[in-house]
Amino acid sequence: MFSLATWNVNSVRTRLEHLKRWLKLRAPDTVCLQETKATDEEFPYGEIEALGYHAVHAGGKGRNGVAIVSKEEPQNVTIGFPGMDDPEAHERLIAATIRGVRVHSVYIPNGGSVGSDYFLYKLEFIYRLREYLEAHFDPARDLVALCGDFNVAPEEIDVYDPELLAGQLCFHERERTALKLLADWGLFDTYRLKHPDERGAFTWWDYQFGAFKANRGMRLDHIWVTKPLAERLEDVFIDREPRGWKRPSDHTPVVAVFDL
DNA sequence: ATGACTGGAGTTTCCAGA
């Protein structure tokens, strides 16, 4: 068995006790982190290694930042889009081979506001992901996992009020269409493979307005995998527990379990 | 009641997040 998780921790230093508690609680084989908001120097390698995990990290000062934390040592680590000149991607994408799976931890840009330059960069980032996947992998053969905060809710059932949120950031038609390019290449949304019609299954809730208590959230965090990996998917669940802890991240972990 | 949250940078207020 191989359990693979993703969690936007919203600052790895502020959330270090939560991360340690959750690693002990669920003992995932591998967890992809986003929004570490730390430089490599600030990243708490020692505390994570003390729990029996390896860690690889790529981040920036006070913003962005991605990591892969794993019981097995990550091999052949790459940061950003290899061969593409995109400095921001160096804080948003890290990949490594673990248990024969090419694991990616990705933090897709938030996009600022719909129609802004930053929104266009968000779309472009997703297009680059597609180009990167095409250039490096065969979706019919390779074990590839794209894990992270996609900052997009793919379908109407992935938001608490699709009419209210239509055209809004993270649920805009252009973002959802861009995500379909990843699915069309050959990635499967593991959560929907196991829970195709479930409503109210969210991974992010606004800190404001009592959103978590009222379950007004969105499913923005995903584990998408190629077919040979999807065929080995045993289970996938959203772990709401850490979102209820004191001073939580606004995101909660997603865990997929594979027969590997 | 017209607000209501959080983290980080770097000053005590701003920006970004989604």
Side-chain angles (χ1 to χ4, degrees), chain A residues 6-20 32-44 57-67 87-93 105-126 147-179 191 200-222 238 240 242-254:
Chain A
T6 188
W7 190 10
N8 178 326
V9 290
N10 189 14
S11 174
V12 72
R13 287 172 290 166
T14 298
R15 223 68 63 202
L16 183 58
E17 292 310 310
H18 282 202
L19 176 61
K20 289 161 64 179
C32 297
L33 304 178
Q34 300 85 38
E35 278 208 272
T36 60
K37 294 187 175 179
T39 61
D40 287 343
E41 291 72 28
E42 294 164 333
F43 190 82
H57 173 257
K61 193 167 181 60
R63 61 173 191 206
N64 305 330
V66 286
E88 191 163 333
H90 285 243
E91 302 176 2
R92 295 186 174 276
L93 179 64
S105 180
V106 66
Y107 177 44
I108 292 178
N110 165 275
S113 58
V114 172
S116 66
D117 287 349
Y118 196 38
F119 183 76
L120 297 179
Y121 177 71
K122 177 180 192 175
L123 298 175
E124 194 177 313
F125 191 95
I126 300 171
C147 313
D149 177 0
F150 290 18
N151 265 318
V152 183
E155 303 292 343
E156 295 204 335
I157 57 172
D158 295 317
V159 298
Y160 68 94
D161 188 338
E163 286 184 25
L164 178 72
L165 296 171
Q168 302 285 314
L169 193 70
C170 301
F171 188 56
H172 194 279
E173 200 58 43
R174 294 182 71 183
E175 297 164 77
R176 295 163 62 197
T177 300
L179 269 204
Y191 197 81
F202 306 134
T203 65
W204 170 86
W205 300 262
D206 201 311
Y207 282 124
Q208 303 180 73
F209 320 120
F212 180 57
K213 197 174 177 188
N215 197 31
R216 288 191 292 263
M218 297 196 259
R219 195 171 67 93
L220 303 180
D221 301 270
H222 304 287
I238 296 166
R240 291 195 182 213
R243 187 61 177 80
W245 293 343
K246 191 178 176 188
R247 289 194 77 196
S249 168
D250 45 355
H251 297 252
T252 214
V254 183

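Convention: sequence-line order gives letters A, B, ...; per-chain numbering from 1.
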Grab the [atom1]-[atom2] distance between [X] and [N] for me, whole Å please.
X: E175(A); N: dG17(B); atom1: CD; atom2: P; value: 13 Å
X: K122(A); N: dG17(B); atom1: NZ; atom2: P; value: 10 Å
X: L169(A); N: dA16(B); atom1: CG; atom2: C1'; value: 12 Å
X: F202(A); N: dA18(B); atom1: CZ; atom2: C1'; value: 14 Å
X: Y121(A); N: dG17(B); atom1: OH; atom2: P; value: 12 Å
X: N8(A); N: dA16(B); atom1: CG; atom2: P; value: 17 Å

Kindly write out the residues that satisfy ring pair (Phe, Tyr, Trp, His ring centres under 6.0 Å) with Y160(A), not counting sequence neighbours, or none if the list is empty.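 Listed in chain order: nothing, the list is empty.
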
[atom1] atoms of [N] and [M], separation to the nearest Å:
N: dG10(B); M: dC15(B); atom1: P; result: 14 Å
N: dG3(B); M: dG17(B); atom1: P; result: 23 Å
N: dT2(B); M: dA16(B); atom1: P; result: 28 Å
N: dA1(B); M: dT12(B); atom1: C1'; result: 26 Å
N: dA18(B); M: dC14(B); atom1: P; result: 22 Å

Taking any heavy-atom pair under 4.0 Å as a contact, classify [X]: base, sugar-phosphate, or nothing.
X: Y107(A); answer: sugar-phosphate
X: F212(A); answer: nothing
X: E35(A); answer: sugar-phosphate
X: D221(A); answer: nothing
X: N64(A); answer: nothing

Give the B/S/- string for nucleotides 2-12 of chain B, one per nucleotide from 5' to 3', where a protein heavy atom under 4.0 Å of the base yields B, of only the sugar-phosphate yields S, and otherwise -. ---BSSSS---

After noting the C-alpha distance and the side-chain angles of Q34(A) and W7(A), does the key distance pass the side-chain contact (heavy atoms from CB on, under 4.5 Å) rule? CA-CA 6 Å; Q34(A) 300 85 38; W7(A) 190 10; 5.6 Å; no

My understanding is that only residues two or more places apart in sequence, or in another chain, count here; which of them pass side chain to side chain contact (heavy atoms under 4.5 Å, CB included) with [X]?
X: Y191(A); answer: D189(A), H195(A), E198(A), A201(A), R219(A), V236(A), I238(A)
X: Y118(A); answer: E88(A), R92(A), P109(A), S116(A), Y121(A)
X: K20(A); answer: L16(A), E17(A), E47(A), L51(A)

Applying side-chain hydrogen bond (donor to acceptor under 3.5 Å, both in side chains), name anything that partners D161(A), two or more places apart in sequence or on another chain.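 Not a single residue meets the side-chain hydrogen bond (donor to acceptor under 3.5 Å, both in side chains) criterion with D161(A).
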
Is any side-chain N or O of H251(A) closer than 4.0 Å to OP1 or OP2 of dA18(B)?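 Checking dA18(B) against H251(A), a side-chain N or O does come within under 4.0 Å of OP1 or OP2.
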
Walk me through whether R15(A) and N8(A) qualify under side chain to side chain donor-acceptor pair (under 3.5 Å). CA-CA 10 Å; R15(A) 223 68 63 202; N8(A) 178 326; over 6 Å; no

